[in-house]
Amino acid sequence: RGTPATADSLAGHDVLVPSGELEHLPEARWLTSLPGVRVKLRSSSMVALFEAARAGLGLAVLTRAWGDAAPDLQRVAGLPHLPARPVWLLTAPGASKTGGVQLVAQRIAELMATFSRV
């Protein structure tokens with residue numbers, strides 16, 4: 001079926017779709033609304049969708065962090081129309097005031113900012 005060059009050229013491709021508590025995500029709704037795609041797998045587990053994509057079962061919408069973690073995956077089309085979502089870092093009460101936690105939180109924020117610019 002070839003490699004889709006754009007999101008609009010996904011007709012005829014097998015897709016891996018978030019379901020369960022993840023089915024409300026914009027990418028899940030978008031994937032299932034595309035004409036001509038074949039839903040190969042629905043899962044409420046991002047790990048399962050990630051591994052299914054790595055096994056070659058179909059195309060999945062993954063964050064850059066997930067996709068870049070697997071050199072055997074190929075980015076085929078960006079989805080710039082999907083809204084950005086906030087990421088929250090939770091700590092135990094009072095822990096955010098400790099130096100070590102602040103340092104780790106700052107590093108995570110720097111990494112997330114890097115991903116958002118790519």
Side-chain angles (χ1 to χ4, degrees):
R1 288 165 239 163
T3 302
T6 66
D8 295 330
S9 61
L10 291 173
H13 288 273
D14 295 333
V15 294
L16 313 171
V17 180
S19 66
E21 65 272 7
L22 301 176
E23 68 188 350
H24 73 281
L25 295 174
E27 55 269 30
R29 292 193 313 261
W30 174 77
L31 271 175
T32 56
S33 73
L34 292 172
V37 297
R38 292 186 301 264
V39 177
K40 184 80 168 197
L41 173 71
R42 291 180 190 270
S43 178
S44 62
S45 166
M46 287 306 295
V47 173
L49 295 171
F50 173 74
E51 291 299 335
R54 290 186 70 202
L57 296 179
L59 302 173
V61 176
L62 302 170
T63 64
R64 287 186 192 110
W66 280 84
D68 291 348
D72 51 336
L73 288 179
Q74 177 184 359
R75 187 180 305 172
V76 295
L79 303 174
H81 64 283
L82 291 178
R85 291 190 293 271
V87 175
W88 295 84
L89 176 63
L90 303 177
T91 64
S96 64
K97 295 180 175 72
T98 65
V101 172
Q102 288 178 343
L103 182 66
V104 170
Q106 179 61 38
R107 182 64 180 134
I108 290 171
E110 291 167 2
L111 289 169
M112 295 304 292
T114 300
F115 281 124
S116 68
R117 288 190 296 268
V118 175

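Just so it is clear, the values below take in all heavy atoms, side chains as well, and ignore hydrogens, waters and symmetry mates. Along the sequence shown, the residues carry numbers beginning at 1.
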K.L.:
Please list all pairs meeting salt bridge (charged side-chain N to carboxylate O under 4.0 Å, His left out) that have one or both residues in residues 96-109, counting only residues at least two apart or in different chains.
P.N.:
R107-E110
K.L.:
List for me each residue that meets side-chain hydrogen bond (donor to acceptor under 3.5 Å, both in side chains) alongside R54, sequence neighbours excluded, and say none if there are none.
P.N.:
D72
K.L.:
Is the closest side-chain heavy-atom distance between L62 and R75 below 4.5 Å?
P.N.:
no
K.L.:
Answer with yes or no whether the hydrophobic clustering places W66 together with W30; edges join I, L, V, M, F, W, Y residues whose side-chain heavy atoms lie under 4.5 Å apart.
P.N.:
no
K.L.:
What pairs meet the salt bridge (charged side-chain N to carboxylate O under 4.0 Å, His left out) rule with one or both residues in residues 9-24, with sequence neighbours excluded?
P.N.:
R1-D14, D14-R38
K.L.:
Report whether L59 and L31 are members of the same hydrophobic cluster (ILVMFWY, side-chain heavy atoms less than 4.5 Å apart, transitive linking).
P.N.:
yes
K.L.:
Tell me whether V61 is reachable from V39 by hopping between hydrophobic residues (I, L, V, M, F, W, Y) whose side-chain heavy atoms are closer than 4.5 Å.
P.N.:
yes
K.L.:
Return the set of residues passing side-chain contact (heavy atoms from CB on, under 4.5 Å) with V37 (not counting sequence neighbours), or none when no residue passes.
P.N.:
L10, V15, L34
K.L.:
So, for L16 and P18, which heavy atoms are closest and what is the spacing to 0.1 Å?
P.N.:
O-CD, 4.0 Å
K.L.:
Which atoms form the tightest heavy-atom contact between L22 and A28, and what is the distance?
P.N.:
O-CB, 3.9 Å
K.L.:
How would you list, by chain and number, every residue that makes a side-chain hydrogen bond (donor to acceptor under 3.5 Å, both in side chains) with Q102, sequence neighbours excluded?
P.N.:
none
K.L.:
For residues 42-51, which side-chain N or O atoms pair as donor and acceptor with protein atoms under 3.5 Å away, sequence neighbours left out?
P.N.:
from, atom 1, to, atom 2, distance (Å)
S43, OG, S45, N, 3.0
S45, OG, V47, N, 3.3
S45, OG, A48, N, 3.0

